[in-house]
There are 2 protein chains.
Amino acid sequence: MKEQRKRRVPRRIREQQIIDVAVTVFSKRGYHAASVDEIADLAGISKPMVYLYLDSKEGLFVACLRREAERLVTAFQAAARGQQGPDARLYAGLGAFFGFVSEHRDSWVVLHRQASELSETIAGEVALARRAVMEQVAGLISDGIAESGSTADLREEDADFVAHALVGAADYVTDWMERHPDQAPDTVTLRLMNMLWVGMRNVLNGEAWLPPVAPDPPQ
Amino acid sequence: MKEQRKRRVPRRIREQQIIDVAVTVFSKRGYHAASVDEIADLAGISKPMVYLYLDSKEGLFVACLRREAERLVTAFQAAARGQQGPDARLYAGLGAFFGFVSEHRDSWVVLHRQASELSETIAGEVALARRAVMEQVAGLISDGIAESGSTADLREEDADFVAHALVGAADYVTDWMERHPDQAPDTVTLRLMNMLWVGMRNVLNGEAWLPPVAPDPPQ
DNA sequence: AAGTAATCTTACTGGGAAGTAAGGTAGCTC
DNA sequence: GAGCTACCTTACTTCCCAGTAAGATTACTT
């Protein structure tokens with residue numbers, strides 16, 4: 001752990017180093033199983049420093065959450081902005097998402113795989129981070145709905161529904177990506193776009209799938 | 001916790017009672033934050049009984065995992081079997097999934113929201129449970145591919161991809177469901193089918209979405 | 001160079017939870 | 001009713017880990 005000769009480091013930078021390590025450890029072990037000792041150790045620092053700068057284990061986790069959520073949202077926005085048309089924006093946003101997740105897998109795990117095992121205090125913070133991501137996507141969707149001049153009666157509620165389905169699909173597809181490293185993030189994005197957007201477009205145009213007429217009695 | 005007058009209960013039944021409680025506690029607290037003391041207490045029993053019957057905390061968790069995975073897969077299969085056509089089977093399967101999840105939310109949380117914070121020993125078990133679910137869905141998808149006589153070159157890999165996207169969408173939609181209790185599981189199923197199946201059908205038919213021609217330079 | 005503020009450490013405390021030792025008690029069989 | 005087995009308990013031990021007390025060292029300021 002000896003970087004060099006006990007060089008001292010200003011707070012701003014040290015905090016980021018600590019958060020860097022914390023994200024990987026929280027991702028690998030989960031919130032409770034992660035120990036502040038290990039994080040401090042891997043950061044090449046002693047435990048009281050963590051408490052001095054980040055207050056508590058919760059504070060440290062919240063700091064991770066906020067930073068990674070902001071990074072992801074920023075990447076998403078940056079990619080989507082400046083694209084023409086809702087489909088192009090969604091495609092760009094999705095691409096940014098997959099790029100981010102495949103490059104910062106730990107960040108994603110911390111942001112979205114920590115549903116349980118959190119104190120009430122943090123739970124709200126997680127919900128906030130999740131919502132930030134969802135809102136970005138839902139925004140793009142409702143743009144799409146608006147611009148398509150849809151005849152179907154799709155409203156904000158629907159955009160939210162579609163956003164959930166889309167983010168969920170994207171999330172799980174990252175698992176698939178892990179087992180298919182030959183597939184570039186771009187390719188994956190395109191596949192998903194094809195699966196989803198084409199469907200959405202047709203739904204917007206009023207094309208519908210209907211269940212077959214009652215083949216088996218209820219219960 | 002006094003059921004009645006210290007009634008003794010045969011092992012078979014007691015084990016199930018313990019697992020019942022454990023699923024809810026693991027779901028609420030997460031693996032590490034859950035305490036065997038609490039589980040034993042809520043089951044109206046003392047801790048050594050848990051260790052006598054389930055060996056260890058890990059053993060208890062694995063038991064939960066196995067039982068709930070089997071229940072879900074069974075429900076899915078039962079619904080899909082006997083339906084005519086791949087879309088009807090998928091619709092029925094999805095419906096069973098949402099029914100199961102909305103009725104046994106804890107089971108689903110235990111099955112799929114425990115990615116991190118698991119010892120190596122359990123991690124494999126979780127992967128196994130997840131794969132069981134994925135395989136059911138992927139099976140239905142590739143049936144769909146086969147029956148559609150698709151001209152596109154979709155193979156098993158594609159079925160796997162679509163299965164991931166689909167299960168992910170379904171998973172996250174359960175979160176949406178929680179905030180929209182007025183929406184019946186059936187309605188939700190239909191919405192998702194419309195969003196996904198229509199898109200898949202068109203993709204199978206060769207209709208494709210293509211990204212707009214390079215509006216911005218790489219990097 | 002003295003003073004001072006920021007960075008950093010060793011070495012502890014306290015509590016919570018996994019797992020166990022040792023032994024009760026109900027209900028069955030003979 | 002004697003004895004056996006399955007069910008069940010109280011009361012520990014042990015270890016891990018969040019959080020802290022007390023103080024050392026570096027480097028900047030004047």
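Below, read A as the first sequence line, B as the second, and so on, with proteins coming before strands; counting in each chain starts at 1.
- In this structure, B:Tyr172 has no ring-ring contact (aromatic ring centres under 6.0 Å, His included) partners at least two apart in sequence or on a different chain.
- No hydrogens or angles considered: nothing links the side chains of A:Arg67 and A:Ser107 as a donor-acceptor pair under 3.5 Å.
- Under the ring-ring contact (aromatic ring centres under 6.0 Å, His included) criterion, B:Phe100 pairs with B:His104, sequence neighbours left out.
- What separates CG of B:Leu52 from P of C:dA21 is a distance of 13 Å, to the nearest Å.
- Under the rule for a salt bridge (Lys or Arg N to Asp or Glu O under 4.0 Å), B:Glu70 has no partner lying at least two apart in sequence or in another chain.
- Comparing the end axes of the helix from C:dA1-D:dT30 to C:dC30-D:dG1, each fitted to five base pairs by superposing C1' atoms of four pairs onto the next four, gives an inter-axis angle of 0° (nearest 10 degrees).
- Rounded to an integer number of Å, the gap from A:Ile13 CD1 to C:dT7 P is 10 Å.
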For every nucleotide of nucleotides 18-23 of chain D, 5' to 3': is a protein heavy atom under 4.0 Å from its base (B), only from its sugar-phosphate (S), or from neither (-)? BBBB--
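- C:dC8 atom P lies 5 Å from atom CD1 of A:Ile45, rounded to whole Å.
- Ring pair A:Phe26/A:Tyr31 is parallel by interplanar angle, where below 30° counts as parallel and above 60° as perpendicular.
- Between B:Trp108 and B:Phe97, the ring center distance clears the sub-6.0 Å criterion.
- With sequence neighbours excluded, the residues satisfying salt bridge (Lys or Arg N to Asp or Glu O under 4.0 Å) with B:Glu125 are B:Arg66.
- Counting only distance, with no hydrogens or angles, the side chain of B:Lys57 and the backbone of B:His32 share a donor-acceptor pair below 3.5 Å.
- In this structure, A:Met49 places its CE atom 7 Å from P of C:dT9, rounding to the nearest Å.
- Distance A:Ile18 CD1 to C:dT7 P: 11 Å, rounded to the nearest Å.
- Distance CG (B:Asp41) to P (D:dT10): 10 Å, rounded to an integer number of Å.
- Of the side-chain N and O atoms in A:Arg11, none sit less than 4.0 angstrom from OP1 or OP2 of C:dC8.
- In summary, B:Asp175 and A:Arg130 engage in a salt bridge, as defined by a charged side-chain N under 4.0 Å from a carboxylate O.
- Between A:Tyr53 and the phosphate of C:dT7, there is a side-chain N or O to OP1/OP2 separation shorter than 4.0 Å.
- At D:dA6, none of the side-chain N or O atoms of B:Arg14 fall inside 4.0 Å of OP1 or OP2 (strictly under the cut-off).
- Here the C1' atom of nucleotide C:dA18 and the CZ atom of B:Phe26 are 12 Å apart, to the nearest Å.
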